[in-house]
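Report on one structure; see the data block that follows.
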Amino acid sequence: MASLSACDLAPDYHPPSYLYPNGWRGHGVMTDGRPADGTPHGDWWKMFKDPELDALEGRMLLVNPDLQAQAEAFTQSRDIARETEAQLYPQVTGNAGGAKYKSSLTRLWRSSSTALTYESSEFYSGAATWEPDFWDRIRNNTRLQKNLAQASAADYANTRLSLEAELASDYIGLRGLDAQIAVYADSIRYYQTAVQITKLRQSGAIAAGLDVSRAEDQLYSTMASQSNAVAQRQVLEHAIAVLTNTVPAAFHVVPETSQNMRFGNVYVAAGLPSQLLERRPDVAAAERNMAAASRAIGVSRAAFYPDVTFSASGGFMNNGFDLANLANSMWQYGVQAVEPLFTGGLRRAALQRAWSQYRQSADNYRSVVLSAFQDVEDGLSQTGQFKVQQERQAQAVAAALRTQRMTMALYTGGLTNYLDVVVAQQAALVARIDEVQAQTIQLQATVRLVRALGGGWDRSELPSIKSINPIHALQYEGLHHPLPAGGIETHESPADGDLGGNYALPQVAGGLTAPSQGR
């Protein structure tokens, strides 16, 4: 604890640090010597090399209402800190007025010698009060609020990262469904040919009607699966529209017809454990909340000491306009000290609660750190294993397509029955869909890993304590928006008189495609 002579009653606070096992050769983020070239930086989604995804992410960062609301929450936390800090300064007020009195001409018991109108009285005065912060109660409360504002800035970064990852994951899922729909379309064309073959063989009396029924069942069930994939795609498209602040009915992403997703291989390096704690905004928010809780202890301790207030007022009063005359002056000054003598344990309970809240924030911080490492380890495990799954599934597709071709050739040659063909067709379709899904979940796991690593954010992006103040002490203009801090921008304020007006639903704009006909 700081010495009493310093008058800062908050305990000494140092950000916690963790020790990691040297040379531990486990999986994931704890592995030593991992190259950092693939560590996410800035616009991390550009590693997928998809211009349309880049455009969607850029639009979302500009207009997403949830992100803008979080930016406004940061602004409000800055204002609360400024309101608290204002108590360090003298509070000055001014007062001016005048009065003149006239009695009623017909009032009861009025004497003829009583004047109807009395002389006027004009005055102006000023007053000032100041509470010297002997015990750093106000300063600690100010630091507390500024720490909370920094935590709010970290919450903004975490919200932004979550929205970026959600949009990227939805877009990858949508493109995965495009590939699935293309696979279904290719299979439907193949099954339509198979139906024609079975009907020709039936008309030639070399095949039974059972073959036709089996072929038609395969065809129509595949069409039904394609319709289901189209419905899932539309739902994801609506989610992307809302993320980009657009009415779903006015938004459409043109489908791709390729059976293969165009995203290339993406490598993400995890880096070192100490770097992870610097890159996670949720870890930074938890640490700043812990710093704020330590300051609350100092505020609770200051309640045990007297509050001292200085006050002074002065001015002039006269029955005319000759106010600025020493004879017409008036003044008053005083000092007050208040020390609660008995509060029934109120202050001791508040102090104990402050210590408990600090320990709770420390426990929360440790939990967030452990969850951060779990997220990274999970992401690394998933991306690695899903990559192996994708490679094995590609081999399964090649084998299933060979089987499908051979069984159809044997059937047309009359060397096998159509049941073998149906089994081979189902196996080929399932293998192809599983391959697309494997690639989709592998890419989405990469997005989750990027999010677990902080998405290129760094603790140095947090606003400094000095930049938390949203206004200057004597600022009277430009109050709609705060001074810049932490790179967090808010939307334009509505003009005076426009509050509560009508809002037009946002339409698609900025390089995004219009809805196709027939939707």
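Side chains are part of it too, since the values below use all heavy atoms of this structure and drop only hydrogens, waters and symmetry mates.
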Is the number of heavy atoms from other residues, nucleotides or ligands within 6.0 Å of [atom1] ([X]) greater than 12?
X	atom1	result
Gln352	CD	no
Glu72	CD	yes
Glu489	CD	no

When you measure from the side chain of [X] to the backbone of [Y], do you find a donor-acceptor pair of N or O atoms at a distance under 3.5 Å?
X	Y	answer
Ser187	Val183	yes
Glu237	Val253	yes
Arg280	Val369	no
Asp43	Lys46	no
Gln150	Ser464	no
Arg448	Ser169	no
Tyr171	Leu56	no
Arg78	Ile468	yes
Gln425	Gln404	no
Asp66	Ala69	no

Value rounded to 0.5 Å, distance of [atom1] in [X] from [atom2] in [Y]:
X	Y	atom1	atom2	answer
Ser294	Asn289	OG	CG	11.0 Å
Thr416	Met408	OG1	CE	11.0 Å
Leu380	Asp375	CG	CG	11.0 Å
Asn64	Gln70	CG	CD	11.0 Å
Ser152	Asn147	OG	CG	12.5 Å
Tyr156	Leu161	OH	CG	12.0 Å

Tell me the closest heavy-atom pair linking [X] and [Y], and the distance in Å.
X	Y	result
Leu462	Ala153	CD2-CB, 4.1 Å
Trp44	Gly455	CD1-O, 3.3 Å
Met290	Ala362	SD-CA, 3.4 Å
Val421	Thr407	CG2-O, 3.6 Å
Gln180	Val436	CG-CG1, 3.7 Å
Leu148	Ala292	CD2-CB, 3.7 Å

Worksheet item: Should Leu163 and Glu166 be marked as a side-chain contact (heavy atoms from CB on, under 4.5 Å) after you check the CA-CA gap, both sets of side-chain angles, and the distance that decides it?
Response: CA-CA 5 Å; Leu163 291 171; Glu166 182 180 355; 4.1 Å; yes
Discussion item. Using side-chain contact (heavy atoms from CB on, under 4.5 Å), reason through Arg288 and Arg459 one step at a time and then give a plain yes or no.
Written reply: CA-CA 11 Å; Arg288 288 291 83 193; Arg459 185 183 176 87; 3.6 Å; yes
Is the shortest side-chain heavy-atom distance between [X] and [Y] below 4.5 Å?
X	Y	result
Pro11	Trp355	yes
Gln202	Asp211	no
Gln390	Phe386	no
Phe251	Val242	no
Phe48	Ile172	yes
Val376	Leu449	yes
Arg353	Gln357	yes

Taking 4.0 angstrom as the limit, do [X] and [Y] come out as a salt bridge?
X	Y	answer
Glu216	Lys199	yes
Asp178	Arg175	yes
Glu435	Arg432	no
Lys146	Glu85	yes
Arg82	Asp79	no

Discussion item. Go through it in stages, so that I can follow the logic: the residues are Leu236 and Leu177, the test is side-chain contact (heavy atoms from CB on, under 4.5 Å), and I'd like the CA-CA distance, side-chain angles, deciding distance and then a yes or no.
Written reply: CA-CA 10 Å; Leu236 279 179; Leu177 288 170; 3.7 Å; yes
Fill in: Verdict with supporting geometry, Asp186 and Arg189, salt bridge (charged side-chain N to carboxylate O under 4.0 Å, His left out)
CA-CA 5 Å; Asp186 182 65; Arg189 289 190 295 269; 3.4 Å; yes
Discussion item. side-chain contact (heavy atoms from CB on, under 4.5 Å) for Trp45 and Val447? Distances and angles first, verdict last.
Written reply: CA-CA 8 Å; Trp45 55 86; Val447 172; over 6 Å; no
Worksheet, complete the sentence: With sequence neighbours left out, the residues meeting ring-ring contact (aromatic ring centres under 6.0 Å, His included) with Tyr418 are Tyr411
Practice prompt. Ignoring hydrogens and angles, state whether a donor on the side chain of Thr246 or Arg59 is under 3.5 Å from an acceptor on the partner side chain.
Written response: yes
